[in-house]
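The structure appears below as structure tokens.
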Amino acid sequence: MTAIDPTLRTTRTTCPYCGVGCGVLATPDGSGGAAIAGDPEHPANFGRLCSKGSALGETVGLEGRLLYPMIRCKGVLERVAWSDALDHVAHRMQHIVARDGADAVAFYLSGQLLTEDYYVANKLMKGFVGTANVDTNSRLCMSSSVAGHRRAFGADTVPGCYEDLDKADLLVLVGSNAAWCHPILFQRMRRNKEERGARIIVIDPRRTDTASDIDLFLGVKPGTDTALFAGLFVHLADNGALDKDYIANNTSGFDDALARARSIAGSVTATALATGLSEQDVAAFFAMFRETERVVTLYSQGVNQSAQGTDKVNAILNCHLATGRIGKPGASPFSLTGQPNAMGGREVGGLANQLAAHMMFTPPEIDRVRRFWKAPRIATHEGLKAVQLFEAINRGEVKALWVMGTNPAVSLPDADIVREAMKKLELFVVSENVLSNDTVEAGPHVLLPALAWGEKSGTVTNSERRISRQRSFLPAPGEARPDWWILSEVAKRLGFREGFNYKSAAEIFREHAALSAFENDGSRDFDIGALQSVSDEAYDALVPLQWPAREGQSPGERFFANGGFFTNDGKGRFVAPDVPALRSETNAGRPLRLNTGRIRDQWHTMTRTGLSQRLGAHLPEPFVEIHPDDANKYGVVDDSFARVTTDYGQSILKVVVSERQQRGTLFVPIHWSAMNTSHGRIGALVQSFNDPFSGQPEAKATPAAIAPYEYVFRGFALSRKQLALPPHLWWARAAIGGGFGYLFADNADLSRWPAWLHDIGGEDIAEYRDFGGGVYRAASFVGDRIEACLFIGPAHDAGDWEVVKSLFAADSVSDEQRRMLLSGKSTEGVASTGPVVCACFGVGRATICDTIAAGARSAAEIGAKLKAGTNCGSCIPELKRLIAETGGAAKEAKFAGAAS
Ligand SMILES: Nc1nc2c(c(=O)[nH]1)N[C@H]1C(S)=C(S)[C@@H](COP(=O)(O)OP(=O)(O)OC[C@H]3O[C@@H](n4cnc5c(=O)[nH]c(N)nc54)[C@H](O)[C@@H]3O)O[C@H]1N2
Ligand SMILES: Nc1nc2c(c(=O)[nH]1)N[C@H]1C(S)=C(S)[C@@H](COP(=O)(O)OP(=O)(O)OC[C@H]3O[C@@H](n4cnc5c(=O)[nH]c(N)nc54)[C@H](O)[C@@H]3O)O[C@H]1N2
Ligand code: SF4
Ligand SMILES: [Mo]
């Protein structure tokens, strides 16, 4: 009998991307990869996965991983032993604290850390080093929701759960592109629509894929959500839709908040004027909300990431409190969390203005946490919030920074300043999975290799407060270690052995659970006391469970249906929001508003999704989306290039002209960094104005200008290895089948290319030169396989990226194909399926259009023939657009096309 390799068994774990928190079944393939499937038993996804989750197996390789600790010595990073790296960090921290005080050091953490890692980091700094300068990228993500919840509920509580999305009769999505960003939840909402007839309303300046095929789209002017919900509040009050008993028994502040709402938007007309919507649409929205008892309002970054994000949150919560539609099946406000452990970070107190376990910097709570931790030097006041923290670093006040699990050189606003600030640090430590990203390039003194998804083990909490295990199914590579271990080792060296002598993630989890229950008695929402004595075995086997999980009580699902708020008097608060205004004005030089956000198949700064060819195929280049009228006005043309400029920086991007974009606004995705594009790192252009309550930056409304940018040549290069391109090019890199693809545009003479191609090697080089005609094509071969190839031509005549990609992916090309390749003619016998529309099954636009031409008339019919759209469903809106447009130019669906 052959023994079964135990490492090849299927492991139940959780997806490391969005806050939906889908369960994943991972089966290692024995050679470093893994087969991935949805976990049918996980209550977040019941077996489904979106394109990003399905492609996880393509992202677990070790290429580009940071595998050993390194210390910078005379400017160069050198591999060192763990003990040296840890000693170095501890000694330098100790020295700086002794000299300048504890507030001179800071941690910048991430909602992608596991709860156990996060707990240890927070305990070390706030309890033992003695500073609350611990903030996290959740500041850029969830902090306005946290602040809004705290103002209204007295605690950071998400009242509802996912089941409400199945039970609601009306789903209102505000500032959320859930079709792309929370795909599995969005499919759940769509199923509710199809099966139960629930109606969907989307409120967003852009007509996103979330807004296709819905009941009402409200294309508000940026930043005007507070006016819309103030108007709704007034309407509910004036039309007999209030739940007067709920208001009287369970809330306070109603009259003031209503008076303020009246002054902001006292009528349908005033609301329409303030939001840029038609009176008809406003009235339709108000009526639908008024008449539907079971309504869930979901909100995300269009609400949170604004200079009045907290007020926007409270304007929404006011409407739910006023109608008593909170914490009831199918009726609740619902903040969609972004990162896999955004919620876990809030539980441990990862934000600089929270202490731990939903306790704050008030004297009784400080003392309680101090006693529980036996903390020698507990922080007694709030620390610096992300943007302030980096400002303090820039001023030289904070001298030591440890970045863990985030890439601030890309993702913070005004990112060039951030990069410069980090260079001033006396001690700059980065714990990472990857050997290079923009933050690593900013010059850390110490690099610490952390375990990545698939290797690390612990817990995460999703948007509905459900705690799930992430389990390891791959061996720890090189010398990578869990983040909690790295932190504990430094803590011990700082003299805190007693508090940090952890042996396992389970032990940390038990302590975290015990703190949540410590002197709680129902006074705090976050309580998982039922798990404080969980055995190692039970922790290993933990099934997904929602909090609260109070000791001796059955887990609760929802909050506040009958009041019971966490304020001093137990009442929920209506909050009077400020009159809505954006922090910065547009002007003649900056006439447009730059909105930034996400695309369907990439995750943040692409350190992981960027490795997947399937995910790289949908939108391979950084782009700016603009309305046709604005495109005319500013002279930019679809599929050409444009320069976008703000007061903070500039970038050059591919132009996508689209009716879906609101006039006066631009949209640029956040994913490209200096690692994968020359000019597309958009964080450098974003203003750093913050919400006054949450400190969350307004990432969606920077005044900007756009102008055409000309390139004489376009081209692309494909290679088995990563390439160093010649200088002064515009370029973007994408993972492709069998290697790396680079799309570029150039103004320099073609003569530099032949030597460059010869330098990158290959045995057998074939080329075609017509420099006069602006054309150069070349390919190098090893045997019959293409090793590298390069296509350059005048704009729109550089060769077909999709065709060449499929030849490149092949193990061998025939002589005929080789000739055709260099002739630049469309290569017969090579099927180009066109840009990928369905990433789950790799189905291209050309294939889909052929199927439509052959008679398919619905997304379901396309699915039956090609499988496209039948897994995560995120491409269904695009399939429907193609059906509507086929016969015409199918232009909208094209989005950022390739350089063909
Ligand atoms: N594919 C993918 N999914 C992801 C992520 C990813 O990187 N890629 N990241 C995850 C994370 S961390 C997060 S935080 C979530 C974010 O998820 P979302 O918040 O859904 O994503 P965004 O694209 O940032 O922004 C949402 C929408 O807000 C709109 N918006 C801008 N300004 C306003 C405004 O003033 N009012 C209103 N009502 N809307 C406005 C934008 O046009 C945009 O369509 O996604 C998570 N899921
Ligand atoms: N303009 C603009 N800016 C934005 C946004 C926007 O909409 N517009 N959105 C904001 C939001 S909501 C978010 S959440 C942020 C996201 O921005 P970031 O957090 O900066 O983006 P990521 O690419 O997810 O960075 C995570 C890094 O951590 C590493 N990593 C992953 N797992 C681990 C681990 O377990 N341990 C360690 N040590 N490292 C790990 C990855 O390799 C990667 O380098 O961007 C924010 N910035
Ligand atoms: S929706 Fe997609 S990215 Fe989000 S957790 Fe599920 S599989 Fe992962
Ligand atoms: Mo986020």
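Numbering starts at 1 and runs along the sequence shown. Ligands are counted one by one from 1 in listed order, and the atoms in each one are counted from 1 as well.
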Flag for S457-R469: side-chain donor and acceptor within less than 3.5 Å: yes
Basic-acidic side-chain contact under 4.0 Å: D483, K456: no
Heteroatom distance test (L113, ligand 2): nitrogen or oxygen, under 3.5 angstrom: no
Proximity flag V410 to ligand 2, non-hydrogen atoms under 4.0 Å: no
Numbering as shown, the atoms of ligand 2 that approach A450 to under 4.0 Å (heavy-atom distance): 36 (N), 37 (C), 38 (N)
Residue list, ring-ring contact (aromatic ring centres under 6.0 Å, His included) with H182, at least two apart or on another chain: none
Polar side-chain atom of D438 near backbone of A674 as donor-acceptor pair, under 3.5 Å: yes
Ligand 2 contact on N437 by region, counting heavy-atom pairs under 4.0 Å: side chain
Atom CZ of R48: over 12 foreign heavy atoms under 6.0 Å: no
Close residues, ligand 1: non-hydrogen atom nearer than 4.0 Å: C18, K52, C141, V174, G175, S176, N177, W180, C181, H182, I203, D204, P205, R206, T208, P222, G223, D225, S300, Q301, G302, K312, G338, Q339, N595, G597, R598, I599, R600, Q602, W603, H604, H671, K700
L451 to ligand 2, any heavy atom closer than 4.0 Å: yes
Numbering as shown, the atoms of ligand 2 that approach V686 to under 4.0 Å (heavy-atom distance): 1 (N)
Side-chain H-bond candidate by donor/acceptor type, N595 with T665, under 3.5 Å: no
By ring-ring contact (aromatic ring centres under 6.0 Å, His included) - contacts of F229 (at least two apart): F285
Atoms in ligand 2 with a heavy atom of K456 nearer than 4.0 Å: 34 (C), 35 (O)
Only pairs under 3.5 Å count here: list side-chain donor-acceptor contacts from residues 403-412, not counting sequence neighbours, and write none if there are none.
{"residue": "N407", "atom": "OD1", "partner": "T439", "partner atom": "N", "Å": "3.2"}
{"residue": "N407", "atom": "OD1", "partner": "T439", "partner atom": "OG1", "Å": "2.6"}
{"residue": "N407", "atom": "ND2", "partner": "T605", "partner atom": "OG1", "Å": "3.0"}
{"residue": "S411", "atom": "OG", "partner": "N407", "partner atom": "O", "Å": "3.2"}

Any donor-acceptor pair under 3.5 Å from E878 side chain to C875 backbone: no
Per-atom contacts, ligand 2 versus D483 - under 4.0 Å to a heavy atom: 34 (C), 35 (O), 36 (N), 37 (C), 38 (N)
Per-atom contacts, ligand 2 versus S431 - under 4.0 Å to a heavy atom: 37 (C), 38 (N), 39 (N)
Ligand 2 N/O within reach of N433 N/O, cut-off under 3.5 Å: yes
Evaluation steps, side chain to side chain contact (heavy atoms under 4.5 Å, CB included), between H671 and R598: CA-CA 7 Å; H671 306 287; R598 289 154 175 80; 3.9 Å; yes
Lys/Arg N to Asp/Glu carboxylate O, D601 vs R614, below 4.0 Å: no
Proximity of T607 to ligand 2 by residue part, where a heavy atom lies under 4.0 Å: side chain
